Number of protein chains: 2
Amino acid sequence: MTTSRSSTDKRSATSLPPREQVHAALATLLNGRQPGEQLPPEPQLAHQLGVSRATLRETMRSFQERGLIVRRHGVGTFVAPPPPVIETGLEELESLDTLARRTGLQTRMGEAVIEEREATPNEAFRLQVSPRTPVLAVARVMMTGALPGAMPVAFLVDVVPTAYLRQQDLGPGFCGSVLDLFIQREHPPLSHSRTDILAEAADEATAGKLHLQRGDVLLRLEAQLYACDGHVVDYSISQFVPGHFHFHVVRRVGNPKVRLPGR
Amino acid sequence: MTTSRSSTDKRSATSLPPREQVHAALATLLNGRQPGEQLPPEPQLAHQLGVSRATLRETMRSFQERGLIVRRHGVGTFVAPPPPVIETGLEELESLDTLARRTGLQTRMGEAVIEEREATPNEAFRLQVSPRTPVLAVARVMMTGALPGAMPVAFLVDVVPTAYLRQQDLGPGFCGSVLDLFIQREHPPLSHSRTDILAEAADEATAGKLHLQRGDVLLRLEAQLYACDGHVVDYSISQFVPGHFHFHVVRRVGNPKVRLPGR
DNA sequence: CAGTGGTCTAGACCACACG
DNA sequence: GTGTGGTCTAGACCACTGA
């Protein structure tokens, strides 16, 4: 059973690699079925799609991780029940802008202060850089609703070392999201964000910006954005007026498997 | 290359399956190396461990997902840099009790009210059961510190249909965690929890229980615990006094890959 | 028992990084 | 070019579920 990719290869020069073919085919398959319906057995499905079972299973796994299918050992594979979680939660990093657009909320950037300065000690710590490293700080209020009655919903501050972002990189098209800018530029390659979740009372300054009283409740998300090389690219503080955005997270039940040693 | 598992099988009757052998071996390997160090190439490593490369890669993937190694296409596999995230975040579901123990915080259960009653309309909605379904409600204050000066840190309420949990199931050993009880019983099999994240001002009753003033800030986590069959097993509300517990979440940067069709 | 997903193998080629 | 990880194949056996 010597494998000869070139002789077995079903792709023409222009067609997609097996992985994406299978991905698309499986997606189509799912769209045509009702939740709870059973999918064909893996060997059969693999044959239908013209790939090996291993390749099919790779795609199956990704679908399972996203909660689109349920696989039951010894029973079969099924279209997942109507997802208990409709929108994605916090586990996928996306900008507030993107989130708002996705959920139909209309937002625009309000008052903004953009400046290059030295990092404060706390910022330097969070960014894991030397004290007084030059950074670009972008502070702005996000508003929602029509202009006369627009309401402030969040106060956002991003702090980025100027090595990653300069004031002039924020074109006139900048509408509030530093994250989207990084994603669009594709540089540096981003890995993940560590987001701390806090509740706090608004101080005088923040209350003013958000049209609240001092002491009113805010949800505060403090995030460090990591590049693939492990460097912190962005330290952001987001303060939300309760009621406009809704955050949640899906938590896996921990496997009581063997734990890794210390590290 | 006909595969004959029985003839190739290197396991004696008592040894572990390849997956776990590899898992252990890889863990050992990592523990003996410094962050940034390169691991042997996959084919060589697979041969050393006496497994196929596919099997090794399966383990590698799981290590990578946990952030223990970094794989770079065309370059090599490396011990991950000092993990930016030390403890796990919210993405793994664990009881407050377990979390406290893990982080060295000493907690004990304070005043508790345990009763069987009918679900309120909101509870029925969250539990996805008919209105007035009988439920077990467990409300208690969690305290920290030595007895004379013990401070309340959280107010927890779990609401569980009596089909899953009865008052008599909470033995005298019950010390505050309904989740741990479910995990220990292994029934029903749990899948995940959807946890909403909110900031709110303490109302009169809660403030009293937590020794706060009305209007003080609380972090509120509202969770629905799902069994593998999709049913909601537990609806819980956790209100935290800021400063004692620290919650965070790791957010993946979204893949700009092909999105699935609507669903 | 039959049928399903779960695991594993040995070998091959592809795509990328880097000197 | 050399060496790495990334993908893929065809086939086999194992482990579980449910009739």
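Since the structure is predicted, the reported quantities are computational estimates derived from the model, not experimental observations. Each chain gets a letter, A, B and so on, in the order its sequence line appears, and its residues count up from 1.
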message: Just to verify, what does A/Tyr164 make a ring pair (Phe, Tyr, Trp, His ring centres under 6.0 Å) with, not counting sequence neighbours?
response: none
- request: Could I get the full list of ring pair (Phe, Tyr, Trp, His ring centres under 6.0 Å) partners for B/Phe247, not counting sequence neighbours?
  value: B/Phe240
query: Partners of B/Gln38 by side chain to side chain donor-acceptor pair (under 3.5 Å), sequence neighbours excluded?
result: none
- request: Applying side chain to side chain donor-acceptor pair (under 3.5 Å), name anything that partners A/Gln48, two or more places apart in sequence or on another chain.
  value: none
Nucleotide [N], atom [atom2] - distance to [atom1] of [X] in whole Å:
| X | N | atom1 | atom2 | result |
| --- | --- | --- | --- | --- |
| B/Leu56 | C/dA10 | CG | C1' | 14 Å |
| A/His47 | D/dT9 | NE2 | P | 12 Å |
| B/Glu20 | C/dT7 | CD | P | 11 Å |
| A/Glu58 | C/dC8 | CD | C1' | 15 Å |
| B/Phe78 | C/dA17 | CZ | P | 12 Å |
| A/His23 | D/dG6 | NE2 | P | 19 Å |
| B/Leu49 | C/dC8 | CG | P | 13 Å |

field: Contact check, side chains of B/Val232 and B/Tyr226, non-hydrogen atoms, under 4.5 Å
entry: yes
- prompt: When A/Asp158 is tested against each of A/Ser236, A/Ser238, A/Ser177 for side-chain contact (heavy atoms from CB on, under 4.5 Å), which residue passes?
  reply: A/Ser236
message: I'd like to check the salt bridge (Lys or Arg N to Asp or Glu O under 4.0 Å) partners of A/Glu123; sequence neighbours left out, ordered by chain and number.
response: A/Arg117
- prompt: If we fit an axis to the first five pairs and another to the last five of the helix from C/dC1-D/dG18 to C/dC18-D/dG1, what angle do they make, to the nearest 10°?
  reply: 20°
Would you list the protein and nucleotides 2-5 of chain C atom pairs, both N or O, that sit under 3.5 Å from each other?
| residue | atom | partner | partner atom | Å |
| --- | --- | --- | --- | --- |
| C/dG3 | N2 | A/Gly74 | O | 2.8 |
| C/dG5 | OP1 | A/Thr77 | N | 3.3 |
| C/dG5 | OP1 | A/Thr77 | OG1 | 3.0 |
| C/dG5 | OP2 | A/Glu42 | N | 2.9 |
| C/dG5 | N2 | A/His73 | NE2 | 3.1 |
| C/dG5 | N3 | A/His73 | NE2 | 3.4 |

- request: Can you sort out the partners of A/Pro40 under side chain to side chain contact (heavy atoms under 4.5 Å, CB included), two or more places apart, ordered by chain and number?
  value: A/Leu29, A/Arg33, A/Gln44, A/Leu45
task: Kindly write out the residues that satisfy side chain to side chain contact (heavy atoms under 4.5 Å, CB included) with B/Glu222, not counting sequence neighbours, or none if the list is empty.
output: B/Arg126, B/Asp196, B/Leu198, B/Arg220, B/Tyr235, B/Ile237
message: Does D/dG11 have its OP1 or OP2 closer than 4.0 Å to a side-chain nitrogen or oxygen of A/Ser52?
response: no
